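Structure record follows, encoded as structure tokens.
Heads up: numbering here begins at 1 and tracks the sequence. None of the values given here were measured: they were computed from a predicted structure.
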Amino acid sequence: MNPNPNPRLELILGRRSIRVYAPGEISDAALEQLLKAAMAAPSAMTKDPWRFITIRNKATLAHLASILPGGKMLLTATAAVIVCGDQEAALEQQLSFLLQDCSAAIENLLLAAHALDLGACWVGIHPSADAIKKVRDLLALPAAVVPVAAVSLGLPGEQLPPRTRYRAQYVKQETWGA
């Protein structure tokens, strides 16, 4: 059953976290399209503090899988994009703005992957101090660059139905008490 009859929203409702990947490569052109979509995201005062590291090396993907508690799917992923933020570039150099900007870029990347019939899954890094340190060390990140998330990528090895987690009780009208 389609959770939404509006075909324009099918891309959003059809995007699911894909954790099982089939063998096959992702072209450089597709990866560039994903990054272009990520960088089309809104950013506080257009500061664009996001920075991206693409990973295809299987040993690096396996190392990431071993240090990120939710990242086991990186073992079978074709690639990953590590989404980082440069705190010096963020609005007012605030971590909060950096995180919002990077999160918007991550969602755009996930939607673009779905539009290109690729599987993708968001794996959080921030705010885990342990994960941040391990990823920072692995990828030789400068001090001002904060790893926010890894996005695993591959050809989908599973098909999940569209859905929403809409709950009317989570919506208030005008004020919290309404």
Side-chain angles (χ1 to χ4, degrees), residues 3-4 6-19 21 26-56 61 64 68-71 73-74 77-129 131-132 135-136 138-139 141-154 156 160 162-167 170-172:
N4 184 23
N6 186 328
R8 292 182 179 188
L9 294 178
E10 286 180 12
L11 177 72
I12 295 170
L13 297 177
R15 189 223 57 85
R16 298 291 302 272
S17 294
I18 301 299
R19 294 176 177 86
Y21 301 107
I26 296 174
S27 71
D28 290 340
L31 194 53
E32 184 174 334
Q33 285 183 298
L34 296 176
L35 293 167
K36 284 180 178 180
M39 291 186 232
S43 168
M45 298 299 289
T46 320
K47 295 296 184 180
D48 302 349
W50 43 63
R51 305 295 184 260
F52 305 89
I53 300 172
T54 61
I55 309 287
R56 290 182 185 265
L61 290 169
L64 285 166
L68 298 175
M73 78 291 291
L74 289 159
T78 301
V81 175
I82 310 304
V83 182
C84 302
D86 182 342
Q87 197 160 353
E88 292 174 355
L91 179 62
E92 299 172 1
Q93 298 185 337
Q94 291 292 316
L95 180 62
S96 180
F97 286 122
L98 176 153
L99 294 171
Q100 292 176 65
D101 291 352
C102 287
S103 294
I106 293 164
E107 182 64 10
N108 272 18
L109 195 155
L110 294 170
L111 289 169
H114 179 58
L116 295 175
D117 295 322
L118 297 172
C121 187
W122 180 334
V123 181
I125 298 171
H126 187 277
S128 169
I132 290 169
V135 171
R136 187 183 300 279
L138 176 65
L139 302 178
L141 300 178
V145 174
V146 179
V148 176
V151 176
S152 63
L153 297 165
L160 302 173
R163 69 156 185 203
T164 178
R165 293 193 302 262
Y166 175 80
R167 303 286 182 270
Y170 294 171
V171 180
K172 306 294 181 189

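Looking only at distances, a side-chain donor or acceptor of Arg56 sits under 3.5 Å from a matching main-chain atom of Ile26. Under the 3.5 Å distance criterion, the side-chain polar atoms of Asp101 are left unmatched by any main-chain donor or acceptor of Trp50.
In this structure, CD1 on Ile53 lies 4.5 Å from CG on Leu139, to the nearest 0.5 angstrom. With rounding to the nearest 0.5 Å, the separation of CZ in Arg19 from CE in Met73 is 5.0 Å. Of the inter-residue distances, the one linking Leu91 atom CG with Asp48 atom CG reads 11.5 Å to the nearest 0.5 angstrom. Note: Lys36 NZ to Asn108 CG = 14.5 Å, rounded to the nearest 0.5 Å. Going from atom CG of Leu138 over to atom CD1 of Ile82 covers 8.0 Å, rounded to the nearest 0.5 Å. One distance of note links SG of Cys84 with CZ of Arg136; it measures 8.5 Å at 0.5 Å rounding.
Nearest heavy atoms, Ile106 versus Ala149: CD1-CB, 3.6 Å. Leu111 and Leu11 make their closest contact through O-CD1, 3.8 Å (heavy atoms, listed as atom of the first residue, atom of the second, distance). Gly85 and Cys102 make their closest contact through CA-SG, 3.8 Å (heavy atoms, listed as atom of the first residue, atom of the second, distance). Annotation for Tyr21 and Ser152: closest pair OH-OG, 2.5 Å, computed over non-hydrogen atoms. Smallest separation of non-hydrogen atoms from Gln93 and Glu88: NE2-O, 3.5 Å. Across every non-hydrogen atom of Ala80 and Leu61, the tightest pair is CB-CD2, 3.6 Å.
The closest side-chain heavy-atom distance from Glu10 to Pro7 is below 4.5 Å. Between Ile55 and Leu74 there is no side-chain heavy-atom pair separated by less than 4.5 Å. Side chains of Val83 and Phe52 form a contact here, defined as non-hydrogen atoms less than 4.5 Å apart. Ile132 places a side-chain heavy atom less than 4.5 Å from the side chain of Pro147.
Exactly one residue among Val148, Val135, Val146, Leu64 makes a side chain to side chain contact (heavy atoms under 4.5 Å, CB included) with Ile125. That residue is Val135.
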Review point. Can you check side-chain contact (heavy atoms from CB on, under 4.5 Å) on Val151 and Leu34, steps first, answer last?
Key: CA-CA 11 Å; Val151 176; Leu34 296 176; over 6 Å; no
Practice item. For the pair Glu92 and Met45, evaluate side-chain contact (heavy atoms from CB on, under 4.5 Å) and give the outcome as yes or no after the intermediate values. Key: CA-CA 10 Å; Glu92 299 172 1; Met45 298 299 289; over 6 Å; no
Practice item. Please report the C-alpha distance between Leu141 and Arg51 in whole Å, then the side-chain angles of each, then the deciding distance to 0.1 Å, and finally whether the side-chain contact (heavy atoms from CB on, under 4.5 Å) criterion is met. Key: CA-CA 11 Å; Leu141 300 178; Arg51 305 295 184 260; over 6 Å; no
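Within a 6.0 Å sphere centred on CD of Gln94, other residues, nucleotides and ligands contribute more than 12 heavy atoms.
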